[in-house]
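One structure below.
Proteins get letters first, then strands, A, B, ... in listed order; numbering begins at 1 in each. Please read all numbers here as calculations on a predicted model, not as lab measurements.
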Protein chains: 2
Amino acid sequence: MLSNKAKYALKALLYLAQQDENHISRTIEIAEAANIPKKFLEQILLDLKRGHFVGSKQGKFGGYYLLKSKNDITLADIHRLFDGAIALLPCASLNFYERCSDCVDESECLLRHGLITIREETLKAMQGITIASLVKI
Amino acid sequence: MLSNKAKYALKALLYLAQQDENHISRTIEIAEAANIPKKFLEQILLDLKRGHFVGSKQGKFGGYYLLKSKNDITLADIHRLFDGAIALLPCASLNFYERCSDCVDESECLLRHGLITIREETLKAMQGITIASLVKI
DNA sequence: ATTAATCCTATAAAGTTAGTAGAGTTTAAA
DNA sequence: TTTAAACTCTACTAACTTTATAGGATTAAT
C-alpha cells in the first residue's frame, strides 16, 4: 500500500500537471485543491524538489512547478522516493537491496526467485503509469 | 513490502510442501529449519489454519500439514491473509475496499484508475506464483 | 521595511509490527 | 490414570513507522 505521503505527492503532481505552462502553484493552493494538510504538503513538495521532480521559486509570488516532463514521472519513481522498494522483500529489490536477517543461504532461497519475478512485473506496470497517462484518463 | 509474518508464513508453507505426503511437521521443527522464532511461528501457523491453508493434529505427535494443494496456495492469498490489500490504495482494492478520507469525488479521481490497472496486473502476477511453482524452481 | 512565500528541523501522537509470556487444551502412550 | 508433548489462545510490550504539527529561518518582490 502507498503511504499518505506518496498519495499526496501523486495528487500534488497531478495538480501541477494540470496547470498552464509557466504557472507557479503555491503550496496552499495545491493543499486546498487536493485536500492535503498544508504543513504536511510542504515537506512532501520539498522531498519532490530534492528528487528533482518539481522546481520551486522562493519568496513572494513563489511556488512550485513541474521540473520533469509529465511523461517522465512514473508511479515507480514516486513509490521509490516515498515508500522505498517496489519488491516485496529487500532481498529481491534492485534499488533497496538488503539481505534478510533470517536467511541462511540466499542463493538457495526458494522465495527470492518468485519475488524477483513479481518485482519485475510490478515494476514494469508501475513504470507504465505516468503523470501524463493519469491526467489523460 | 511483505511483513515478517507473511514472509515466515511463506517459508513455513514451503517447508511443509517439501515434506513427504502424510508427514506431520511440528512447529519447532519448522521454526528451526526456516529460522523463525518459535512462538511467533505458532501464531502464524494458527492464522494459516484459520485460513484453511494448513491443517493440524493436536496433542502428542501432533503438528501441521498442508491442507490445500500446493498449486492452490498463491502469493496473493498469503499477502491478503497477512498483509491485506494487493492494491496500492484501499479505494482501488477488490477485497479491502475503503474510500479515501481525503477524496472529494471518487469517480473523478485521476489516481484511482491507474491504481486499479496496477492492482489488476500485480494480482495476476501474484496469483501466478504458487507454493508449487516456488518449490519447483 | 513589509509581506508572502519557500525552507528546515524538531517533536509528538497514534498506529503498526514483531515479537514474548504464560496459561489452557488436546492427544498418545507408558 | 498419569505424564509428556504438542497445539491453542489471549494478553502484553517494546520498537518502529507514519502522520502529521509547530515554530522559526530564509528568500525575494514590492
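- Salt-bridge check for A:K39 with A:E42: passed, with a basic side-chain N closer than 4.0 Å to an acidic carboxylate O.
- Hydrophobic clustering (ILVMFWY, side-chain heavy atoms < 4.5 Å, transitive): B:I24 and B:F53 are in distinct clusters.
- Contact record, A:T27 with A:L41: O-CD2, 3.6 Å, taken as the closest heavy-atom pair.
- Shown for residues 46-68 of chain A: residues whose heavy atoms fall under 4.0 angstrom of DNA chain C, namely A:L46, A:K49, A:R50, A:S56, A:K57, A:Q58, A:G59, A:K60, A:G62, A:G63, A:Y64.
- Protein chain A contacts DNA chain C from C:dT3 to C:dA10, reading 5' to 3' and using non-hydrogen atoms of the protein with a distance under 4.0 Å.
- B:F82 places a side-chain heavy atom less than 4.5 Å from the side chain of B:I44.
- In terms of modelled atom types and a separation under 3.5 Å, the side chain of B:S133 and the main chain of B:I129 share no donor-acceptor contact.
- For residues 68-87 of chain B, the pairs satisfying side chain to side chain donor-acceptor pair (under 3.5 Å) are B:S3-B:D83, B:T74-B:D77, with sequence neighbours left out.
- In the region residues 6-13 of chain A, proximity to DNA chain C at under 4.0 angstrom, judged on heavy atoms, holds for none of the residues.
- Under the 3.5 Å distance criterion, the side-chain polar atoms of B:S93 are left unmatched by any main-chain donor or acceptor of B:L89.
- Here the side chain of B:K11 pairs a donor or acceptor atom with the backbone of B:A34 at under 3.5 angstrom.
- Classification of A:E106 and A:R112 as a salt-bridged pair holds, one side-chain N sitting under 4.0 Å from a carboxylate O.
- Between the side chain of A:R119 and the backbone N or O of A:A92 there is at least one donor-acceptor pair closer than 3.5 Å.
- Transitive grouping of hydrophobic side chains (ILVMFWY, heavy atoms separated by less than 4.5 Å) brings B:I36 and A:L110 into a common cluster.
- A:L94 has its side chain within reach of A:L123: a pair of non-hydrogen atoms, C-beta onward, lies under 4.5 Å apart.
- Within residues 20-45 of chain A, the residues that place at least one heavy atom under 4.0 Å from DNA chain D are, in residue-number order, A:P37, A:K39, A:F40, A:Q43.
- Here the side chain of A:R99 pairs a donor or acceptor atom with the backbone of A:C103 at under 3.5 angstrom.
- In this structure, A:D83 places its CG atom 7 Å from P of D:dT18, rounding to the nearest Å.
- In this structure the side chain of B:L66 reaches within 4.5 angstrom of the side chain of B:I73, judged on heavy atoms.
- Using a 3.5 Å distance cut-off with no hydrogens or angles, the side chains of A:E29 and A:H23 do pair a donor with an acceptor.
- A heavy atom lying under 4.0 Å from DNA chain C marks none of the residues of residues 84-93 of chain A.
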